[in-house]
Amino acid sequence: MHLLLVDGSGYIFRAFHALPPLNRKSDGLPVGCVQGFCNMLFKLTQDMDGDDAPTHMAVIFDAKGKTFRDDIYPQYKAQRPPAPEELVPQFPLTRSATRAFSIPSIEMEGWEADDIMATYACMARDAGFKVTIASSDKDLMQLVEPDGSIRLLDTIPRPGQPPLRWIGPDEVFTKFGVTPDKVIDVQALCGDSVDNVPGVPGIGVKTAAQLITEYGDLETLLSRAEEIKQPARRQKLIDNAELARVSKQLVTLEQKVPVEIDLDGLTRQPINPSALFPFLKAMEFATITKRLATLLEANPDDFEPDATLAANKDNPVPGAPQKSTSLSVAKAKLAANMVPGSGPARHAAAEHARIKAIPVNYEAYEIVTTPDALERCIDKVFAKGHVAIDTETTGLDPQQADLVGICLSTEIGEGCYIPVGHRKSGDMFEGGEGLVEGQLPIGFVLEALKRVLQDKSILKIGQNVKYDLEVLTRYGVAMAPIDDTMLISYALDGPRYNGLDVLAEHWLDHKTITYAALAGTGKNQKTFDQLEIAEAARYAAEDADITLRLWHVLKPRLAAENVTALYETIERPLAPVLAHMEARGITVDRQILARLSGDFAQRAAAFEAEAHELAGQSFNLGSPKQLGEILFDKMGIEGGTKTKTGAWATGADVLEGLAAKGHPLARTIVDWRQLTKLKGTYTDALPNYINPRTGRVHTSYSQASVLTGRLSSNDPNLQNIPVRTEDGRKIRTAFVAPEGKTLISADYSQIELRVLAHIADIQALKDAFEEGLDIHAMTASEMFNVPVEGMPSDVRRRAKAINFGIIYGISAFGLANQLGIERSVAGEYIRTYFERFPGIKDYMDAQKARVKADGHVMTIFGRKIQFPNANSGNPSERSFVERASINAPIQGSAADIIRRAMIRMEPELKKAGIEADMLLQVHDELIFEVPEGTEDQAIPVIKRVMEGAAEPAVRLTVPIQVDAHAAKNWDEAH
DNA sequence: ACGGCCACTTA
DNA sequence: GTAAGTGGCCGTC
């Protein structure tokens, strides 16, 4: 793999200075620079062709506007004259040129091209790529690697020198007198007059290199400046230490820019003649058109000049009026806003202030009803490189709802709403007829939008993108790549703020239009297709606009708060995987459930009659209030307790106690409750979830609502299908493989205890797992001095409860409750456990201290779990946080592991040539559907992916074990 | 029609 | 003792 990064901005200025004759096309637009740029780009790709040709490529530009360096040092690059007038209109054209060559063109507001190149170079190097940066900017020399994995390529023609000059460690040494890793220290001292980096006055490259070589690095030098013999030099260093530090910050390239496109997105594409020639012809570049026509064996006459570019609409010539007043307000606010912290943190805070100051204007939103308007909308997206999108549908179920409209927002404050499915009122029964007039045909709109939505170089930003992915997939659109503001927020702040409305209120101080205000509530609530298009447009466009704003506010925080890796490697790639799983669904056998419902109903009725008999009166068994009154008031049973609201407690544990004391009614109620629960929640409810279109049940996974990083499942919840009791398991037999298929269930064995052993570094536990022992029996034997052979089941049961207790942040109170023993005895157990497994107590104390100090704890993959009330004045609340902070890294790390497994599963199965569909996730278990007879090929791959999911990010010090079984239904596979 | 509470289900 | 979601009852709006 070989990544070629081109310093686009460098190329533009070189083209400008190297090509004195001013080229203009027929309408007077200066294009000489664009031409030079095209020639250089083309020549570079030709020169690089060969054995070592780049497999990935991008051109990186400086975006306009401030960067974090302006906040650190306002004079940075301040002496630069503004760009020459004739160059300005050529800037956007060079971006178009890059795209015309089918090369990703990347620029990001707030970052210099050098920072973006540094980020990609490091990403690629870490992924085992070779990297070439086409630039002669000395600021990039800090990136050069001694092993040659990152090199610069200087392509400026210089008389008497070869056309291509590689810059490796030796060349860097020649230039700076130090190895590449010391370049920033040298630059910090000698400064840079071109960029206005101050450095230490009077110190040049030679002296700087000598000092850094002698002292090792800048900080050491500054701390030992007193030792320098030359008095003048010593004084200069002491006086200007701060200036040197600031200079170092200025020249240090940021390697964690939150880039929108991953390395995959930079894969080289063949040149597309239908993109290239319309551009070249619009620019009136005859020579290069001819050369490329020959090379590509294409006929340029087959293509028309690009109308937009030829008409010069989007590239106003200098002097054209500039819009935007709110921007200057925002800029003033930004200047006044001094933010502490690192570069990325300052940048994030500055972006927040800037975005928050831009008011929402509903009048600026546009309704798209003509092909021309749609084209303009799409052109804007291509010019921008990213777009916020929101789809509007007739309902909340992504497997059922119909598309009503799509909204795109490319600029903050703007939004194009494209209605496609609004219906006239009273038209519910007319099927495909009755659309409101004036809407573009849905097929036409989707075909046009596919160009944007399926373009690898255009980032689609949404709020809860999984929903849009599923809807669009049903309409034949495979949207990628994506960013999701909900998931970014989740990576940063956990599930605290989810919905768009909450995020908007919290970050932008903006209250969004509620759907209820638009459509009413209750059974008379209108569906989206029944809304007036104008009303719908305001709502939809606001959502897209707000999503874009939130993206600008939240995305920079990822780098500033060190959760980029978590978001990029876990959250972002998981969303499409979940979309696939939800779309597949699982087959549920109606007949089995119907039979069970009948059985449960009969038996429950018998229990009910028995209960009325025993109580001596008729009452509602489903009412805990009535039951409590009968048991404790009417029958006068002693020892009843009250819940915190003052009602009689009648939970299963209470009733079990009463039954043991000889009250048969209590047992009857327990049995009745269990049966009615199974019937009401499962056998009666599940058939209503069978989708008439697919004949399967499609749950919805929430990726962003669990504190610890687990998924949750709803509508229906397929993560709490019964398994414990015999009756409960019958429900699982209704989850079946269809004709010709088999289900596979693969589950992690004791994943949380293994994770605990790793995190807390408990040697005894690790050894036990290494040897494949029964972990609860081993615990029991350690604690109670009982041999594993012939151990009574009750002893093992107690140890098992203790092991779970440890994971849950044990308390004597809780353990006593669980085991039905005295608090003092439970306390003694815990003390013994801490003695036998040294390290556990340390782990617990460490988490408690961490959460109090930082307000969060962390999983082994860097997921932060926030506890805002860790220092609460309420003691019971504080104890709660302590227990949760002990549990969260364990539960969360296990959750991260299975998330990683899920992300890798589909590509790995595909690579192994196995046809297996991942259907469900139940925290430590994955359910697959495979063609009958392929179980034995699928299972080893599934196990390998799950067992190795932590690597290479984390090398676990315990073995991970996965058990997998195949069968025709879930009960037997489990 | 909505929301709190209690009960039950899972890992 | 950790983390979730759903359904029925019942009071309030």
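The sequence lines fix the lettering, A, B, ..., with proteins before strands; numbering per chain opens at 1.
- In this structure, A:F528 and A:Y515 have parallel ring planes: the angle between them is below the 30° cut-off, well short of the 60° mark.
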Quick one: do A:Q719 and A:S713 satisfy side chain to side chain donor-acceptor pair (under 3.5 Å)? Show the steps, please. CA-CA 6 Å; A:Q719 290 182 321; A:S713 155; 4.8 Å; no

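- Screening residues 713-737 of chain A for ring pair (Phe, Tyr, Trp, His ring centres under 6.0 Å) gives A:F735-A:W970 as the qualifying pairs, with residues at least two apart or on separate chains.
- Atom CG in A:L621 sits roughly 12 Å away from atom P in C:dC10 (whole-Å rounding).
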Protein proximity profile, nucleotides 5-11 of chain B - base contact B, sugar-phosphate-only contact S, no contact -, cut-off 4.0 Å on heavy atoms: SSBBBSB

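- Counting any heavy atom pair closer than 4.0 Å across all strands shown, A:I807 reaches no nucleic acid atom.
- Considering only side-chain N and O atoms, A:N620 lies nowhere under 4.0 angstrom from the phosphate OP1 or OP2 of C:dG8.
- Here C:dT6 presents its C1' atom at 15 Å from NZ of A:K679, a figure rounded to the nearest Å.
- When heavy atoms are screened at a 4.0 angstrom cut-off, A:A801 is found touching base atoms of the nucleic acid.
- No hydrogens or angles considered: nothing links the side chains of A:T859 and A:S893 as a donor-acceptor pair under 3.5 Å.
- Whole-Å rounding puts the A:M844 CE to C:dG1 P distance at 15 Å.
- Nucleic acid contact for A:S712: sugar-phosphate only, since backbone atoms but no base atoms lie under 4.0 Å from a heavy atom of the residue.
- A side-chain donor-acceptor contact under 3.5 Å links A:E972 and A:N969.
- Among the heavy atoms of the strands lying under 4.0 Å from A:S713 are primed sugar atoms or P, OP1, OP2 only; no base atom is included.
- C:dG1 atom C1' lies 12 Å from atom CZ of A:F834, rounded to whole Å.
- In this structure, A:E877 atom CD and C:dG1 atom P are separated by 16 Å, rounded to whole Å.
- Close to C:dC10, at under 4.0 Å from its OP1 or OP2, lies a side-chain N or O of A:S623.
- Checked against the 6.0 Å centroid threshold, A:F619 and A:H612 count as a close aromatic pair.
- Among the heavy atoms of the strands, none lies under 4.0 Å from A:F804.
- Taking the six-membered ring for Trp and the full ring otherwise, A:Y833 and A:F837 have centroids separated by under 6.0 Å.
- Across the protein-nucleic acid pair, A:F619 atom CZ and C:dC10 atom C1' stand 17 Å apart, rounded to whole Å.
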